Amino acid sequence: MQPEPARVAAIHDLSGFGRCSLSVILPAMSVMGLQVCPVPTAVLSTHTGGLGEVVFRDLSDYILPTLEHYHSLSISFDCIYSGFLGSSDQIGYCRTFIHQYPDALAVVDPVMGDHGKPYRTYTPELCSRMEELVREADLITPNLTEAAILLKEEYPAEPLSHAQAKSWLVRLAGLGPKYVLITGVPLADGTISNLGYDDNRGAFWRVACDYVPVSYPGTGDIYASVAVGALLTGDSLPIAMERATRFLEYAIKTTYSYGTDPRYGVMLERCLPWLTQQHSLKGYEPL
Ligand code: PXL
């Protein structure tokens, strides 16, 4: 008999338009063969990246009663995966969720900002408390902006040397997680790379990305959900990083070729079948 698919509790917002958070995490992980159980932290009409006045409903009072309900049903999870939060109280609720499932892979995407700036709804308190949640994680997936906030560093004005990049990865692992992935890092070798670190092995990895002169919302969510989906279905860390990077390259280049409004996100629907195929992946490198 086929075992049940790995089950993921996905604690993120649901943005109706703009292809980010649960709207992309659910299809991407589902098509990879995972069972995703959404636990919405907030419901928004759109993401907060330039689409005007957003309708925002905070769901802070939904998370713990939902957890209790799942407990009463003896539902287990293989992974607790948190992302965009609606309020700083939700830091504590996510920690409780993680504590209740100590055997599950705890993934924290410390969603806080991009391009060197925090997102509109992310208060200084929410940013400063994110460290409490990161401490509980097995794996974190910050972009460079979020990595800088967590490390209390200025957003780097210059590309990072390999030694600096390794130091950032090790310092992030020092906050708690065994595995660290940082996305979108300009390196002094001239690449923009996604970086990974496995603290158990002391192994550093790098997957270089093709540059495309446009930025889409939701790409961090797609990267993290594909990488986590790959890990949960048996990929090694560097292969999972490469699967996520190659998929995003494909989705970004597809979208760019049509010239759609970048605020509408990547054309995920057209690209999802890629995730059902096995690709030979060997483009990662040690950092
Ligand atoms: O993709 C990150 C994200 C998630 N959720 C909301 C956002 C963003 C980024 O802009 O606005 C609501």
Side-chain angles (χ1 to χ4, degrees), residues 8-29 36 38-60 62-63 81-91 93-94 107-124 126-127 129-130 133-134 137 139-150 155 181-184 194 209 212 214-229 244-245 247-248 251-252 255 260-269 271:
V8 181
I11 313 174
H12 299 252
D13 73 286
L14 178 63
S15 288
F17 183 82
R19 298 192 183 100
C20 73
S21 48
L22 286 173
S23 299
V24 298
I25 291 164
L26 274 157
M29 293 185 110
V36 193
V39 181
T41 55
V43 178
L44 293 86
S45 49
T46 69
H47 59 66
T48 61
L51 287 166
E53 201 56 41
V54 175
V55 182
F56 181 101
R57 297 284 183 273
D58 178 62
L59 288 177
S60 293
Y62 172 83
I63 300 174
Y81 166 27
S82 74
F84 181 99
L85 303 180
S87 73
S88 65
D89 291 344
Q90 293 184 0
I91 300 263
Y93 305 153
C94 289
V107 178
V108 172
D109 187 354
V111 173
M112 290 186 280
D114 207 355
H115 309 294
K117 293 195 298 265
Y119 292 131
R120 262 197 262 169
T121 59
Y122 265 66
T123 59
L126 190 43
C127 290
R129 288 196 59 196
M130 189 56 83
L133 187 53
V134 161
L139 165 66
I140 59 169
T141 60
N143 59 29
L144 189 59
T145 303
E146 293 152 352
I149 294 172
L150 287 171
Y155 185 75
L181 302 180
I182 313 180
T183 54
N194 294 329
C209 318
V212 178
V214 65
S215 167
Y216 296 100
T219 49
D221 301 321
I222 296 173
Y223 180 85
S225 50
V226 174
V228 171
T245 306
F247 179 65
L248 260 184
I252 288 172
T255 311
T260 50
D261 187 328
R263 297 172 302 170
Y264 296 2
V266 296
M267 297 170 78
L268 187 68
E269 312 76 24
C271 301

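In this text the structure is predicted, and so the values were computed from the model without any measurement. Start at 1 and go down the list; that is how both ligands and their atoms are numbered. All heavy atoms count here, side chains included; hydrogens, waters and symmetry mates do not.
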Neighbouring residues of ligand 1, heavy-atom cut-off under 4.0 Å: D13, S15, C20, S21, L44, H47, T48, F84, Y119, G218, D221
Indicate whether the side chain of D89 and that of S60 have a donor and an acceptor atom separated by less than 3.5 Å. no
Do T41 and D13 have a side chain donor and acceptor closer than 3.5 Å? no
To the nearest 0.5 Å, what is the distance between CE (M267) and CD1 (I252)? 13.5 Å
For the pair Y223 and F247, evaluate ring pair (Phe, Tyr, Trp, His ring centres under 6.0 Å) and give the outcome as yes or no after the intermediate values. CA-CA 8 Å; Y223 180 85; F247 179 65; over 10 Å; no
Quick check: F17 with Y264 (ring centres under 6.0 Å apart)? yes
Go through the structure and list residues passing ring-ring contact (aromatic ring centres under 6.0 Å, His included) with Y122, not counting sequence neighbours. F84
